[in-house]
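These notes concern the structure reproduced below.
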Amino acid sequence: MESGSVLKELLYDLEVQLLTPEIRQSKIELEKLLADDFIEFTSSGKKKNKQDCLDGLATPLMYVLNFEIKLLSSDSVLTMYDLKDETRMKESLRSSVWKQIDGRWQMVFHQGTIKSSE
């Protein structure tokens, strides 16, 4: 496994890629980045799978802030960050589980929770 700082940078880059309109609208790129058994709990309270994402994702202007990682095992990592959605003027807390599958990192789980104003 990569060193902590290299792994953090790699996973940050992968998370940011998943926020770009080009990737969000590319079935080929989403196929590479999302594991076959991918599940997401959206900030609006919906459950999505990989096919739902391949069918098309919204493309708001979004930014990652306060990015952190936590090693879960030798091949699994939890990412945690704040997401600022400039299009919808919302902020949310985000977490993802990434797993190294066949030599590449793929997202197996993602959750978004609307950030409280308290």
Side-chain angles (χ1 to χ4, degrees):
M1 181 179 284
E2 298 90 347
S3 73
S5 62
V6 171
L7 182 59
K8 183 177 179 180
E9 186 175 328
L10 171 67
L11 293 173
Y12 173 85
D13 289 344
L14 292 174
E15 290 278 4
V16 170
Q17 281 181 38
L18 281 168
L19 299 177
T20 64
E22 298 80 20
I23 300 297
R24 293 175 75 80
Q25 296 300 306
S26 170
K27 288 183 180 185
I28 293 169
E29 294 303 316
L30 289 173
E31 185 71 43
K32 292 178 196 173
L33 292 168
L34 303 178
D36 289 341
D37 58 351
F38 171 79
I39 295 293
E40 176 181 7
F41 297 145
T42 70
S43 61
S44 59
K46 297 177 182 164
K47 182 178 178 182
K48 292 187 174 190
N49 62 27
K50 183 175 183 174
Q51 186 59 53
D52 295 328
C53 296
L54 293 175
D55 289 342
L57 295 171
T59 58
L61 181 59
M62 299 179 281
Y63 299 98
V64 172
L65 304 164
N66 305 316
F67 187 81
E68 297 295 332
I69 67 170
K70 180 177 182 168
L71 298 176
L72 301 175
S73 70
S74 62
D75 65 354
S76 299
V77 178
L78 172 68
T79 63
M80 300 164 286
Y81 56 94
D82 298 337
L83 184 75
K84 185 166 185 155
D85 181 334
E86 292 285 333
T87 303
R88 294 178 239 175
M89 301 306 291
K90 292 183 181 179
E91 291 186 33
S92 56
L93 301 172
R94 298 292 173 133
S95 59
S96 304
V97 176
W98 290 84
K99 184 171 175 72
Q100 201 165 33
I101 302 169
D102 296 329
R104 71 174 188 256
W105 288 97
Q106 290 187 303
M107 186 182 285
V108 295
F109 177 79
H110 183 76
Q111 180 167 357
T113 303
I114 297 296
K115 200 169 185 179
S116 171
S117 58
E118 294 178 12

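Between the CE atom in Met62 and the CD atom in Glu86 there is a gap of 11.0 Å [rounded to 0.5 Å]. Note that CG of Asp52 and NZ of Lys47 are 10.5 Å apart. Values are rounded to the nearest 0.5 Å. Distance CD/Glu68 to OG/Ser95: 13.5 Å, rounded to 0.5 Å. The structure places CG of Leu54 at 5.5 Å from CD of Glu31, a figure rounded to the nearest 0.5 Å. Atom OG of Ser43 and atom CZ of Arg94 lie 5.0 Å apart (nearest 0.5 Å).
Applying the side chain to side chain donor-acceptor pair (under 3.5 Å) test to residues at least two apart or on different chains, the pairs with a partner in residues 58-67 are Asn66-Asp82. Screening residues 95-114 for salt bridge (Lys or Arg N to Asp or Glu O under 4.0 Å) gives Asp75-Lys99 as the qualifying pairs, with residues at least two apart or on separate chains.
Tracing side-chain contacts under 4.5 Å through hydrophobic residues (I, L, V, M, F, W, Y), one never reaches Phe67 starting from Leu93; they form parts of separate clusters. Both Leu14 and Leu7 are members of a single hydrophobic cluster when ILVMFWY side chains are connected at heavy-atom separations under 4.5 Å. In terms of hydrophobic clustering, with Ile, Leu, Val, Met, Phe, Trp and Tyr side chains grouped at heavy-atom distances under 4.5 Å, Val97 and Ile39 are assigned to a common cluster. If you chain together hydrophobic residues whose side chains sit under 4.5 Å apart, Phe41 and Leu30 never meet in one group. Hydrophobic clustering (ILVMFWY, side-chain heavy atoms < 4.5 Å, transitive): Leu72 and Leu11 are in distinct clusters.
With Asp13 contributing its side chain and Leu10 its backbone, the two residues share no donor-acceptor pair below 3.5 Å. Lys50 places a side-chain N or O within 3.5 Å of a backbone atom of Leu34 that can act as its donor or acceptor partner. Checking side-chain atoms of Gln106 against main-chain N and O of Trp98 turns up no donor-acceptor pair under 3.5 Å.
Smallest separation of non-hydrogen atoms from Asp55 and Gln51: OD1-NE2, 2.8 Å. Annotation for Arg88 and Asp85: closest pair N-OD1, 2.8 Å, computed over non-hydrogen atoms.
Applying the side-chain hydrogen bond (donor to acceptor under 3.5 Å, both in side chains) test to Ser96 and every residue at least two apart in sequence or in another chain returns Glu15, His110. Applying the ring pair (Phe, Tyr, Trp, His ring centres under 6.0 Å) criterion to Phe38, with sequence neighbours excluded, gives no partner residue.
Side-chain atoms of Leu83 and Glu91, non-hydrogen and from C-beta on, never get closer than 4.5 Å to each other. Contact check for Glu40 versus Cys53: side-chain heavy atoms found under the 4.5 Å cut-off. Ser92 has its side chain out of reach of Lys84: every pair of non-hydrogen atoms, C-beta onward, lies at least 4.5 Å apart. Residues Tyr81 and Tyr12 form no side-chain contact, since every pair of their non-hydrogen atoms from C-beta on lies 4.5 Å or further apart. You'll find the side chain of Met80 reaches within 4.5 Å of the side chain of Lys70, heavy atoms only.
Leu65 belongs to no hydrophobic cluster, as no Ile, Leu, Val, Met, Phe, Trp or Tyr side chain comes under 4.5 Å of its own.
In Gln25, the CD atom is crowded: over 12 heavy atoms of neighbouring residues, nucleotides or ligands sit closer than 6.0 Å.
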Acceptor/donor pairs from residues 16-24 side chains to any protein atom, 3.5 angstrom cut, sequence neighbours excluded:
{"unit_1": "Thr20", "atom_1": "OG1", "unit_2": "Gln17", "atom_2": "O", "d": "2.7"}
{"unit_1": "Arg24", "atom_1": "NE", "unit_2": "Ala58", "atom_2": "O", "d": "2.5"}
{"unit_1": "Arg24", "atom_1": "NH1", "unit_2": "Leu18", "atom_2": "O", "d": "2.9"}
{"unit_1": "Arg24", "atom_1": "NH2", "unit_2": "Ala58", "atom_2": "O", "d": "3.2"}

